[in-house]
Number of protein chains: 2
Amino acid sequence: MSWPPFDSPCLTPATESPGPLGPCLHCQIRHLAVCGVLTPAEVQAMDTVASLQVLEAGAVLARQGEQRRYVYTVVQGALRLVRLSADGRRQVSGFAMPGDFVGLSGAATYPHDIEALAHTELCRIGLDAMQRLGVQFPHLQGKLLERACTELDTAHDRMMSLARMNPTERMADFLLRLAAQQERAGTPGPSISLPMPRADIADHLGLTVETVSRCLTALRTRGLIALPSTYRIEILDLAGLKALEAA
Amino acid sequence: MSWPPFDSPCLTPATESPGPLGPCLHCQIRHLAVCGVLTPAEVQAMDTVASLQVLEAGAVLARQGEQRRYVYTVVQGALRLVRLSADGRRQVSGFAMPGDFVGLSGAATYPHDIEALAHTELCRIGLDAMQRLGVQFPHLQGKLLERACTELDTAHDRMMSLARMNPTERMADFLLRLAAQQERAGTPGPSISLPMPRADIADHLGLTVETVSRCLTALRTRGLIALPSTYRIEILDLAGLKALEAA
DNA sequence: CGCTATCTTGACGCGAGTCAATAGTGGTGG
DNA sequence: CCACCACTATTGACTCGCGTCAAGATAGCG
């Protein structure tokens, strides 16, 4: 469904707390997360079932095929969602950034490994508890549906990208997506961060590490981007990049 | 969310009516559709806002970029969902078969053209009406969420396929998916139907028509399938195909 | 300061796209 | 009913972009 965004009944952006995570009420990223639609009173209900989980870089949160017991909201840091086929081919389904909800799946088991790209803090909720919350707060379920629909849209974008764009175009698309995402999350700025290694970008875009590297240097040579460091990128010619992506 | 399937409160499979579509209560494919979760009484509410729409083969239901006013459930026939990029590259996002819900999107405009592959009958509901129904019947919204989650899962499967599998593997995957789908829909049988032309298969799998043709003949030569007619395929070696797809 | 993992760059080959010709199929009208 | 025509599918020959393999350059870390 279209599900034009529900108005968040809680308009205070939850920035009053200094700490990274108190109880949910003071959560720094609630406005980015699905729980943003809950009233302060409703947030309390969520508080009783949510718990904070901290991961170090490289830590594995879940393995493909394991029983799904929890869903997560990323509070800080970043995750990668990785599929491995029987013969070892690797596909990075996506990256989860602060505010992202991890667990929109219809399967009983995890469809991918979930790994931390850096020090990461998560809000964890039992799957059953989350389902009960969905029944209790229909507008929360509505928000989840809205998220799922948005993710479906971007999934279709990515299919177009994987099926019909060449490596350079895919890189441009990826970088612009990342930039837009960091802008939304309140981290604008000329230079954007690439929290993942080249291999993850490659497996996300259906390329090889070598090709990713070559594409980045190509974009740099053409003056579209700068690479101040390995994990940081600067967009010099936004219009030029967009022209590539749209193709 | 996982959303293990809600139990349909309406267990009568709605096969009592002879006609292809009376009012919703007698709908032949209700058990396949999202409205399968509604009680007979609730179905009446849906009846008042739903209307039957018939398309001839090749008819265009909607164009990419148009305002989204309706959502649809396919009753009979088949649709294709097509994206065209600015420079004419084509991607078939998916095919909608009987029971499928068309309209799980977060965008205000259609993200793709919607075209009939054959004579097709649809159940049409206004977007606003559908949203009201979702609020009125939370279990309907739950079912939509479940659908969206399942579609997300298959979208991720398809990304893996597009990014990491070779043409033959993609064909095998596609054929198996189609076979499974027709089995679910109650059309089993050794021979399955390909309601779409080769060009659509190609644009669905990120290939060219020529490559699709070559892959099909390759699979036939290897004794995995037979091609009794252009729009019909028979799976001769299920295990062999699965071995390819899993790779 | 050196070790290791990651990233970059280069040389080469292959698989899928492109272009082109042939075969099949369905639909229409004589 | 058959002949013709347009469209789609198949097959073949060739090209080229991206993957593969291999060698250096960087960078992060102890």
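Note on naming: letters A, B, ... go to the chains in the order of the sequence lines (proteins, then strands), and numbering restarts at 1 for each one.
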Touch class at under 4.0 angstrom, heavy-atom based, for B:Leu216 against every strand present: nothing

Closest-nucleotide ordering on DNA chain D, the 5'-leading residue of A:Glu210 and A:Pro167: A:Pro167

Contact list for residues 198-210 of chain B, test salt bridge (charged side-chain N to carboxylate O under 4.0 Å, His left out), sequence neighbours left out: A:Arg164-B:Asp203, B:Arg80-B:Asp200, B:Arg90-B:Asp200, B:Arg90-B:Asp203

Overall bend - the helix from C:dT8-D:dA23 to C:dG30-D:dC1, comparing terminal axes fitted on five pairs, nearest 10 degrees: 40°

Say whether, by atom type as modelled, one donor and one acceptor occur between the side chain of [X] and the main chain of [Y] under 3.5 angstrom.
{"X": "A:Ser213", "Y": "A:Val209", "result": "no"}
{"X": "B:Arg68", "Y": "B:Ala107", "result": "yes"}
{"X": "A:Arg83", "Y": "A:Gln91", "result": "no"}
{"X": "B:Arg158", "Y": "B:Ser93", "result": "yes"}

B:Ala96: partners by side-chain contact (heavy atoms from CB on, under 4.5 Å), with sequence neighbours left out: B:Val74, B:Leu79, B:Asp100, B:Val102

Work out which heavy atom in [X] is nearest to a heavy atom in [Y]; give both atom names and the distance.
{"X": "A:Tyr70", "Y": "A:Tyr110", "result": "O-OH, 3.3 Å"}
{"X": "B:Gln64", "Y": "B:Asp113", "result": "N-OD1, 2.7 Å"}
{"X": "B:Met171", "Y": "B:Cys215", "result": "CG-CB, 3.6 Å"}
{"X": "A:Met97", "Y": "A:Leu178", "result": "CE-CD1, 4.2 Å"}

Any residue of residues 222-234 of chain A with a heavy atom less than 4.0 Å from an atom of DNA chain C: A:Thr230, A:Tyr231

Whether over 12 other heavy atoms sit under 6.0 Å from A:Arg232 CZ: yes

Point-to-point distance, once rounded to the nearest 0.5 Å, from CG of A:Leu176 to CD1 of A:Ile235: 5.0 Å

Any side-chain heavy-atom pair of A:Leu55 and A:Glu115 under 4.5 Å: no

Interface limits on DNA chain D, where chain A has a heavy atom under 4.0 Å of a nucleotide atom: D:dC18 to D:dC21

DNA chain C: 5'-most and 3'-most nucleotides touching chain B, 4.0 angstrom heavy-atom criterion: C:dA16 to C:dC19

